[in-house]
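These values consider heavy atoms only, across backbone and side chains, with no hydrogens, waters or symmetry-generated copies.
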Amino acid sequence: MDFINFSDGLANLEDMMALVIPIIIFMIPIVAILTAHQRKMTEILHTRKGNDQQAGTDIAALQHEMRELKQLMYQQAIAIDNLTHVRTSVPPAPASIQDRLTT
């Protein structure tokens with residue numbers, strides 16, 4: 001009787017192995033795909049982190065340049081206003097004819 005139980009155990013083990021082996025065969029490529037995906041995602045995250053730092057530096061440089069350009073624009077607008085004011089202002093008339101001839 002013990003021999004019959006032992007053979008039944010082997011039959012169950014063989015049936016179990018018949019299921020486990022194909023599962024393992026299909027698990028290997030799935031694990032490889034997941035590992036490759038995880039590696040690619042990690043590379044993307046590291047690349048983005050470097051790009052974000054570069055973008056932050058570029059944005060700061062652009063903001064500084066915009067401030068300089070605004071300041072230059074304001075200075076030029078003031079200079080144009082001063083020129084317009086000088087051209088439109090009429091010098092005071094001399095009080096006497098003698099002052100007119102000397103100037």
Side-chain angles (χ1 to χ4, degrees):
M1 291 272 207
D2 291 333
F3 183 70
I4 294 171
N5 290 336
F6 181 70
S7 65
D8 287 341
L10 283 178
N12 287 337
L13 183 63
E14 289 174 359
D15 291 340
M16 185 72 86
M17 291 303 287
L19 291 175
V20 170
I21 290 173
I23 290 173
I24 291 174
I25 290 173
F26 287 115
M27 288 296 291
I28 291 171
I30 291 172
V31 169
I33 291 169
L34 289 175
T35 305
H37 173 71
Q38 184 178 11
R39 187 179 319 116
K40 287 179 185 177
M41 293 303 295
T42 304
E43 289 174 5
I44 289 171
L45 288 176
H46 286 299
T47 303
R48 280 189 183 169
K49 200 176 277 188
N51 288 342
D52 288 346
Q53 291 173 351
Q54 179 64 33
T57 305
D58 291 344
I59 289 172
L62 287 172
Q63 288 174 340
H64 179 69
E65 188 175 349
M66 284 296 293
R67 281 192 293 273
E68 289 177 351
L69 289 172
K70 283 181 181 179
Q71 186 64 30
L72 181 62
M73 183 185 68
Y74 294 148
Q75 290 173 356
Q76 289 178 351
I78 291 170
I80 289 172
D81 286 344
N82 288 339
L83 286 175
T84 305
H85 180 68
V86 168
R87 286 185 180 176
T88 57
S89 64
V90 178
S96 65
I97 294 181
Q98 186 63 27
D99 290 338
R100 288 184 187 173
L101 293 176
T102 57
T103 55

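- Annotation: side-chain hydrogen bond (donor to acceptor under 3.5 Å, both in side chains) contacts involving residues 67-79, sequence neighbours excluded, comprise His64-Glu68.
- Listed by chain and residue number, Met41, Arg48 satisfy the side chain to side chain contact (heavy atoms under 4.5 Å, CB included) test with Ile44 (two or more places apart in sequence, or in another chain).
- Evaluation of the side chain to side chain contact (heavy atoms under 4.5 Å, CB included) rule for Thr35 yields Val31, Arg39 as partners, not counting sequence neighbours.
- In this structure Ile28 satisfies the side chain to side chain contact (heavy atoms under 4.5 Å, CB included) test together with Ile24, sequence neighbours excluded.
- Met27 belongs to a hydrophobic cluster with Ile23, counting contacts under 4.5 Å between side-chain heavy atoms of Ile, Leu, Val, Met, Phe, Trp and Tyr, direct or through other members.
- Residue Met66 shares its hydrophobic cluster (ILVMFWY side chains chained together at separations under 4.5 Å) with no other residue.
- Taking a 4.5 Å side-chain heavy-atom cut-off between Ile, Leu, Val, Met, Phe, Trp and Tyr, the cluster of Ile30 extends to Leu34.
- Atoms NZ and CG, on Lys40 and Leu45 in that order, are 14.5 Å from each other to the nearest 0.5 Å.
- A search for side chain to side chain contact (heavy atoms under 4.5 Å, CB included) contacts involving Met73 returns nothing, not counting sequence neighbours.
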